[in-house]
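This report refers to the structure that appears directly beneath it.
In listed order, ligands and their atoms are each counted from 1. Because the structure is predicted, anything quoted here is derived from the model rather than measured.
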Amino acid sequence: MKARVATRAFFISIFIPMNSMNTFQSKLPNVKTTIFTTVGNLAREHDALDLSQGFPNFEADPHLISLVDDAMKKGFNQYAPMQGYFGLRELISEKIESLHGQQYHPDNEITITVGATQAIYTAITAFIHPGDEVIVIKPAYDCYEPAIELNGGIPIFLQMDAPDYNIDWDALKTKITQKTKMVIINTPHNPSGKILLESDMLRLQEILKDTNILVLSDEVYEHIVFDGLQHQSVSKFPGLAERSFVCASFGKTFHVTGWKMGYCAAPANLMEEFRKVHQFAVFCVDHPVQRALATYLRNPEHYLGLNDFYQKKRDFFLKGLRGSKFQFTPSQGTYFQLLDYTSITNESDAKFAKRLIVNAQIGKYPHILVQCRRQG
Ligand SMILES: Cc1ncc(COP(=O)(O)O)c(C=O)c1O
């Protein structure tokens, strides 16, 4: 009798979890494997040049690597303060003030994050409630939309079109409703390579005046700007800075995307809420790398020289493309360059991208090609 009871209990304990496993409801039902992973896998399979993801193919400065090594040897191997190492926050504050004339107090207005991605996710999570609308300008980097949806928010899209990829500010104004909580901007822009001009920022400032709408400004390519153009940070514009989260990436700036190091700067009242989420999402960020960056950042040459450094690479790349059937407008910033392939084929972007990988061993990001096609 006892043995029978035990057997039944065994079956029940197996079947109940199996049933419940089948009834979960995905929070992101439309999200599939990212295009970066799909193209990256295909590129590896065909031994193709992988251009699908935004990272450089050269090494970081050995001096920076030795600074991390030193920090580890000096014993900075335990948790850093929740908001980040003060010395690094202090230097970020000085850097922003010298470049954009805006003061962010290192104590309560700057937080070190796991790359810009965590800064973006944290800002959205801290402020977006179910039903809130967030204006997202398309094409857009792919982490904004899922973060909004996971928090019950509603992304409201505004499309930019080829070949200019200008933001239609009048159209943006018409998207604003009582429910609009945030606008996300990205300059320099992935994937179009466009940068927002001073006139764009002034227009946005004017549109948002007299509203409580927040701005999330993704500025990860702030130091990759070409042809003498100037990066226009939201922090330069007082009416924007007072409502904005500036999200930045040391990974992009110092060619160490694998370190996933970034920061968020925002006024104290916004940063207070940001940190409430940050402390439970990650608590703190890689300590020895923060110590190393705090030394490395003391020399402004490490970031001020990057515009020229990358412009030479862009120009070299475009020189190689001249004479091909690709048409293009030179990118104004970022790692990205859009190409119009309409005089080569009328295949879909995905088909052409696959053919480039398989036949020409070039792994391209099909989304970029979608934008290219619209140029034609
Ligand atoms: C526009 C944009 N924002 C954010 C990120 C992510 O930055 P991080 O690696 O610092 O998280 C990327 C990476 O490609 C990007 O292109």
Side-chain angles (χ1 to χ4, degrees), residues 34-40 50-57 60 64 84 88 92 110-125 134-148 155 160 165 167 182-196 215-225 231-234 244-265 274 277-278 281-282 284-286 289-290 292-293 296-297 303 306 310 314 331-338 363-368 371:
T34 72
I35 194 67
F36 304 116
T37 309
T38 308
V39 174
D50 184 2
L51 301 178
S52 60
Q53 223 180 333
F55 62 87
N57 66 349
L64 177 57
L88 179 58
I92 293 168
I110 294 171
T111 299
I112 311 299
T113 57
V114 183
T117 311
Q118 188 236 316
I120 293 164
Y121 192 84
T122 302
I124 292 173
T125 301
V134 180
I135 298 181
V136 178
I137 299 161
K138 297 280 260 184
Y141 183 59
D142 63 355
C143 78
Y144 312 145
E145 204 179 316
I148 297 164
M160 293 187 291
Y165 292 92
I167 297 177
M182 185 182 273
V183 176
I184 301 182
I185 59 171
N186 170 213
T187 182
H189 182 252
N190 171 3
S192 73
K194 276 286 280 197
I195 71 162
L196 293 178
V215 174
L216 192 157
S217 186
D218 179 345
E219 303 186 11
V220 299
Y221 300 106
E222 63 186 314
H223 295 298
I224 312 182
V225 176
H231 170 58
Q232 302 291 334
S233 172
V234 280
S244 293
F245 302 90
V246 182
C247 300
S249 171
F250 289 117
K252 299 288 184 185
T253 299
F254 296 133
H255 332 304
V256 286
T257 57
W259 291 5
K260 290 300 286 187
M261 286 292 288
Y263 66 86
C264 180
F274 179 99
V277 176
H278 172 81
V282 291
C284 66
V285 177
D286 190 309
V289 172
Q290 291 191 59
L293 285 169
Y296 198 70
L297 213 55
Y303 49 88
L306 290 175
Y310 275 106
R314 181 205 63 174
S331 165
Q332 296 176 333
T334 72
Y335 300 144
F336 305 102
Q337 173 62 56
L338 292 191
K364 198 74 188 76
Y365 175 29
H367 179 63
I368 294 177
Q371 304 313 317

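Within ligand 1, counting atoms from 1 as listed, the ones closer than 4.0 Å to a heavy atom of Gly115 are 10 (O), 11 (O). Taking a cut-off of under 4.0 Å to the non-hydrogen atoms of Ser249, the atoms of ligand 1 that pass are 8 (P), 10 (O). Of all atoms in ligand 1, listed by their number and element, those nearer than 4.0 Å to a heavy atom of Asn186 are 1 (C). Per-residue contacts place Asn190 under 4.0 angstrom from the following atoms of ligand 1 (heavy atoms of the residue considered): 1 (C), 15 (C), 16 (O).
Between Thr257 and ligand 1 there is no heavy-atom distance shorter than 4.0 Å. Under the 4.0 angstrom criterion for non-hydrogen atoms, Phe250 is not in contact with ligand 1.
Annotation for Ile184 and Ile137: closest pair O-CD1, 3.8 Å, computed over non-hydrogen atoms. Annotation for Val282 and Gln118: closest pair CG2-OE1, 3.5 Å, computed over non-hydrogen atoms. Between Arg314 and Ser331, the closest heavy-atom pair is NH1-O, 2.7 Å. Closest of all the heavy-atom pairs between Pro56 and His255 is CG-CB, 3.8 Å. For Gln290 against Gly84, the heavy-atom pair with the smallest separation is OE1-CA, 3.3 Å.
Below 3.5 Å of separation, one finds no N or O of Tyr144 facing any N or O of ligand 1. Polar contact with ligand 1: absent for Ile120 (N/O pair, distance under 3.5 Å).
When heavy-atom distances to ligand 1 are checked against a 4.0 Å cut-off, Thr117 comes that close through both its backbone and its side chain. In Lys260, the part holding a heavy atom less than 4.0 Å from any atom of ligand 1 is the side chain. Residue contacts with ligand 1, taken as heavy atom pairs separated by less than 4.0 Å, do not involve Gln118 at all.
Between Tyr221 and Phe336, the angle of the ring planes goes over 60°, which puts this pair in the perpendicular group of the 30/60° scheme.
The shortest contact between atom 13 (C) of ligand 1 and any protein heavy atom is with Lys252 NZ, 2.9 Å. Atom 3 (N) of ligand 1 has Asp218 OD2, 2.6 Å as its closest protein atom, hydrogens excluded (heavy atom only). Tyr141 CZ, 3.3 Å is the protein heavy atom nearest to atom 12 (C) of ligand 1.
Between Ile224 and Thr334 there is no side-chain heavy-atom pair separated by less than 4.5 Å.
For Phe250 and Tyr296, the distance between ring centers is not under 6.0 angstrom.
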Stepwise ring-ring contact (aromatic ring centres under 6.0 Å, His included) check, Phe55 with Tyr335 = CA-CA 8 Å; Phe55 62 87; Tyr335 300 144; 8.5 Å; no
